[in-house]
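Everything on this sheet refers to the single structure shown next.
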Amino acid sequence: MATEDDSAVKEPLDLIRLSLDERIYVKLRSDRELRGKLHAYDQHLNMILGDVEEVVTSVEIDDETYEEIVKTSKRHVQYLFVRGDGVILVSPPLRTS
Amino acid sequence: MLLPGFAMLFFSYFKELVGKEVTVELKNDLAITGILHSVDQYLNIKLENTRVVDEAKYPHMLSVKNCFIRGSVVRYVQLPPDGVDVDILHDATRREARGA
């Protein structure tokens, strides 16, 4: 490790480093998703996001028809610390919404 | 102060936030607002002057004013806008991410 080039992408965490100060998409456990600006992270994937939208998805089953009703609830938070043990994946934002 | 194996970035960040009001959301969906009293390397949190966010839904915490929260049960911490210096966070992250 004689020369540590800050801009070299060697391992997966380096890919996340490229997204610093950019908007990202985070998939969390419990069917939650976040979209926000990445301000800080560490090797545990603890993160601080800014201007965050959280989407919680739940599926209800109708008692009679047994059809699946997919519901989502959204909320907006200005600055959010996210604990890394809930993170499943991190990515540039998907162009779905 | 060497704490090998534990990220220092967020520990240092939360130490700077002591005295400010935060809202801690736990993995069991309970959300607690309070003044950040202290934090440790495991990101365990001590809050003072606590009140539960949805008091009608969680009445069993009505008499609790101070609490210790194990770091591992935290899902989110909502941060006050004046507690976030984006530039300092970016610089610290670049330095910490290199060492990982």
Side-chain angles (χ1 to χ4, degrees), chain A residues 1 3-24 26-34 36-56 58 73 75-88 90, chain B residues 3-17 20-31 33 36 39 41-45 47 53-54 69-100:
Chain A
M1 303 268 183
T3 50
E4 291 239 10
D5 186 5
D6 226 6
S7 57
V9 177
K10 296 196 195 83
E11 48 176 47
L13 283 180
D14 295 329
L15 274 178
I16 302 183
R17 177 158 44 83
L18 298 178
S19 295
L20 253 188
D21 204 26
E22 304 280 346
R23 293 199 69 82
I24 54 165
V26 184
K27 190 188 205 328
L28 300 172
R29 299 178 71 169
S30 306
D31 298 312
R32 286 162 194 264
E33 300 162 292
L34 297 173
K37 201 175 222 203
L38 180 64
H39 290 308
Y41 71 94
D42 65 9
Q43 73 268 35
H44 303 296
L45 260 37
N46 296 323
M47 290 184 276
I48 290 184
L49 299 177
D51 193 20
V52 192
E53 187 195 55
E54 180 203 39
V55 177
V56 185
S58 57
S73 68
R75 103 181 130 143
H76 183 267
V77 181
Q78 198 176 357
Y79 287 113
L80 196 68
F81 165 83
V82 183
R83 195 173 158 93
D85 55 11
V87 174
I88 295 177
V90 178
Chain B
L3 293 167
F6 289 102
M8 290 294 292
L9 203 180
F10 290 104
F11 177 32
S12 306
Y13 170 73
F14 278 116
K15 280 196 285 189
E16 293 295 311
L17 269 192
K20 294 210 167 67
E21 187 176 80
V22 295
T23 297
V24 181
E25 185 176 318
L26 307 182
K27 292 192 165 78
N28 68 351
D29 289 343
L30 183 62
T33 302
L36 183 63
V39 67
Q41 53 176 314
Y42 304 100
L43 304 185
N44 295 326
I45 289 171
L47 291 181
V53 170
D54 195 347
I69 301 173
R70 195 185 204 272
S72 62
V73 310
V74 172
R75 179 188 288 140
Y76 304 132
V77 180
Q78 294 173 33
L79 309 166
D82 61 340
V84 179
D85 186 326
V86 172
D87 299 316
I88 293 186
L89 282 175
H90 290 177
D91 288 339
T93 299
R94 279 183 250 272
R95 272 182 271 122
E96 175 114 352
R98 272 182 67 203

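Lettering of chains follows the sequences in order, A, B, ..., and the numbering in each one begins at 1.
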Phe10(B) and Phe81(A) aromatic centres sub-6.0 Å: yes
Heavy-atom side-chain proximity of Val86(B) to Tyr79(A) below 4.5 angstrom: yes
Thr93(B) vs Leu20(A) side-chain heavy atoms within contact, under 4.5 Å: yes
side-chain contact (heavy atoms from CB on, under 4.5 Å) assessment of Asn46(A) paired with Phe11(B): CA-CA 11 Å; Asn46(A) 296 323; Phe11(B) 177 32; over 6 Å; no
side-chain contact (heavy atoms from CB on, under 4.5 Å) between Leu34(A) and Tyr76(B), intermediate numbers included: CA-CA 11 Å; Leu34(A) 297 173; Tyr76(B) 304 132; 3.7 Å; yes
Minimal non-hydrogen separation, Tyr41(A) against Leu9(B), with atom names: O-CD1, 3.4 Å
Among the listed options Ala40(A), Gly84(A), Gly86(A), Gly50(A), the residue most often paired with chain B at heavy-atom distances under 4.5 Å: Ala40(A)
Contact origin within [X] toward chain B - heavy atom pairs under 4.5 Å:
X	result
Arg32(A)	side chain
Val77(A)	side chain
Ile16(A)	neither
Leu49(A)	neither

Spatial distance of atom [atom1] ([X]) from atom [atom2] ([Y]) [nearest 0.5 Å]:
X	Y	atom1	atom2	answer
Arg75(A)	Gln78(B)	CZ	CD	5.5 Å
Gln43(A)	Glu96(B)	CD	CD	6.0 Å
Leu43(B)	His44(A)	CG	NE2	8.0 Å
Ile48(A)	Leu79(B)	CD1	CG	5.5 Å
Asp85(A)	Arg75(B)	CG	CZ	10.5 Å
His90(B)	Asp21(A)	NE2	CG	4.0 Å

Proximity of residues 20-28 of chain B to chain A, residues having a non-hydrogen atom under 4.5 angstrom: Glu25(B), Lys27(B)
SB check Asp42(A) Arg95(B) (cutoff 4.0 Å): no
Part of Asp29(B) within contact of chain A (heavy atom distance under 4.5 Å): side chain
